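Presented below is the structure to which this report refers.
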Amino acid sequence: MTSVQFTGLQACEILDSRGRPTLSVTAACGPRHTAAAVPSGASTGRSEAHERRDGDPSRYGGAGVLGAVDTVNSELRRLLCRRAWASLAELDAAMVELDGTADRRRLGANAILGVSMAAARMFAEAGEVPLWSWLRVTGTGPRMPVPHFNVLNGGAHAHTGLDFQEFMIAPVAAATTAAAIRAGAEIYAALRTLLAERGHSVGLGDEGGFAPEVTRPEDALHLLLRAIEDAGYPAGPDGVAIAIDPAASQFRQPDGSYLVNGHRHSSSELVQRYVQMVRDFPVWSIEDGMAEDDLSGWRELTAELGDRVQLVGDDNFVTSASRIARGAKLSVANAALIKLNQIGTVTETLDAIEICREHGYRQMISHRSGETADAFIADLAVGTGCGQLKAGAPARGERVAKYNRLLEIAARHPELPYGAAFDVRLG
Ligand code: PGA
Ligand code: ZN
């Protein structure tokens, strides 16, 4: 790896897709400049790395990030420019050490991640390779991921009566990235027509999916199925499959029950509701089906469906290699969601992916509900060859930025295979 001597680092406060402040970071190495912008979640896991905000109620209701910006422009700039870095891993470890807290509270995970992403881009430039080609993990070649388009938004992303957060369509059997993205956009258009015909709102949620006043998750699944068929695609593993992210921590009640469209479920009852959904609809992947602290519920879900459905841990794993390893020991889930800002550096994100591979867990690379036009995750999904990316609807600039980046990579590199690289056939 070519070592890099950075000569400058500059952050500033910008807005994310929800109109909340976040950071953009620019790194310099002589005449070369690279930049990155940091995403931000709404339905966050409790153990995520600390997103540092100013807490000054007179600015952005306390959500400003001027403190994190100042940290990049002072402490982190001094560290970065102090010497040449032989690798990103070395730089990321130095930032973590400088922070000195378990959850990146002092410097802020948002400050550290912005630097880590801009630095990754600089290492790629120094090596004269595209970012995706630089973002490799051992043992797997690059491939174009199956895009998971979140076309119906509920939960914390829409504030309608729909308790489940995400309803996604995944063109698992498309031949190419271009065909997959076309399918996503055509089904999205068909869903819009369907909703309008039925008198539903076609307003959008945070991730660009529609946010109609539908309350039963099964009714939302019916709408997706209908839209897939209306657009002329076969629904299921030979065409377009469905993935859901209920984000169950959000509708878990203090007494441990789950409240879904007015029905109170025990963990076992919720598991059985998923079992029925998988029978009735081509749902191939369920993320956060149980709340992050419902270990026995997670184990029951995994025992019931783990052999035929992808079960993705998000809030419980928070892209942490050690949490994923512990989950694997306890037979919790069979896949992990991968979000850079949950853990705070690019290196640790790649570590989490490596751990998944060691334990036979699949990985899905993910955006956050608060995004920017930065398409880093598209490159991450391609380079690591994990086979799946979720980046919201095929609409709204901050979402299509990721899909458009996939289209560009695919056009320039037709030799990269498309698809999941594993069997998505439902049991
Ligand atoms: P978040 O949601 O970015 O609001 O946390 C995404 C998810 O739960 O997967
Ligand atoms: Zn999630």
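Basis for what follows: all heavy atoms, side chains included, without hydrogens, waters or symmetry-related copies. Both counts, for ligands and for their atoms, begin at 1 and track the order of listing. Predicted model only: the values in this text are computed from it and were never measured.
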Element-labelled atoms of ligand 1 that are located less than 4.0 Å from some non-hydrogen atom of Glu166:
6 (C), 7 (C), 8 (O), 9 (O)
Thinking salt bridges, do Arg264 and Glu269 make one under a 4.0 Å N-O criterion?
no
Compare all side-chain heavy atoms of Asp314 with those of Lys339 and state whether any distance is below 4.5 angstrom.
yes
Is Arg77 atom CZ crowded by more than 12 heavy atoms from other residues, nucleotides or ligands, each under 6.0 Å away?
yes
Please confirm whether His367 comes within less than 3.5 Å of ligand 1 when only nitrogen or oxygen atoms on both sides are compared.
no
Is any NZ, NE, NH1 or NH2 atom of the basic residue among Arg396 and Glu371 found under 4.0 Å from an Asp or Glu carboxylate oxygen of the other?
no
Compare every heavy atom of Ser116 with every heavy atom of Leu88, then report the nearest pair and how far apart it is.
CD1-O, 3.7 Å
Can you check whether Ser366 has an N/O within less than 3.5 Å of an N/O in ligand 1?
no
Where is the tightest heavy-atom contact between Ala11 and Asn73, given as atom of each residue plus distance?
N-OD1, 2.7 Å
Give me the nearest non-hydrogen protein atom to atom 9 (O) of ligand 1 as residue plus atom name, then the distance to 0.1 Å.
Lys390 NZ, 2.7 Å
Should Ala247 be listed as contacting ligand 1, given a heavy-atom distance under 4.0 Å as the test?
no
For Arg46, is there an ion pair with Asp293 - N to carboxylate O distance below 4.0 angstrom?
yes
Should Ala42 be counted as touching ligand 1, given the test is an N or O pair under 3.5 Å?
yes
Which protein heavy atom lies closest to atom 5 (O) of ligand 1, and at what distance to 0.1 Å?
Arg368 NH2, 2.7 Å
Ring center gap for Phe281 and His222 short of 6.0 angstrom
yes
Of all the atoms in ligand 1, which lie at a distance below 4.0 Å from a heavy atom belonging to His157?
1 (P), 2 (O), 4 (O), 6 (C)
Could you tally the protein N/O/S atoms lying less than 2.8 Å away from the Zn ion (ligand 2)?
3
Have a look at ligand 1 and work out which part of Asp288, if any, has a heavy atom under 4.0 Å from it: side chain, backbone, both or neither.
neither
Ligand-residue contact atoms, ligand 1 with Asp314, heavy atoms, under 4.0 Å:
7 (C), 8 (O), 9 (O)
If the cut-off is 4.0 Å to any non-hydrogen atom of Leu337, which atoms of ligand 1 fall inside it?
9 (O)
Would you please name every residue forming a side-chain contact (heavy atoms from CB on, under 4.5 Å) with Ala174, sequence neighbours left out?
Pro171, Ala179, Ala180, Tyr418
Would you say Lys339 contacts ligand 1, with heavy atoms under 4.0 Å as the rule?
yes
State, without any angle test, whether Glu213 and Ser201 hold a side-chain donor-acceptor pair at a distance under 3.5 Å.
no
Which of the atoms in ligand 1, numbered in the order shown and given with their element, are less than 4.0 Å from a heavy-atom of Gly41?
1 (P), 3 (O), 4 (O), 5 (O)
Within 6.0 angstrom of Arg182 CZ, more than 12 heavy atoms from elsewhere
no
Greater than 12 external heavy atoms within 6.0 Å of Glu97's CD
no
Atom 8 (O) of ligand 1: which protein heavy atom is closest, and how many Å away?
Gln165 NE2, 2.9 Å
For Asp245, counting its heavy atoms only, list the atoms of ligand 1 lying under 4.0 Å from any of them.
7 (C), 8 (O), 9 (O)
Is it true that Thr372 and Asp374 share a donor-acceptor pair across their side chains at a distance under 3.5 Å?
no
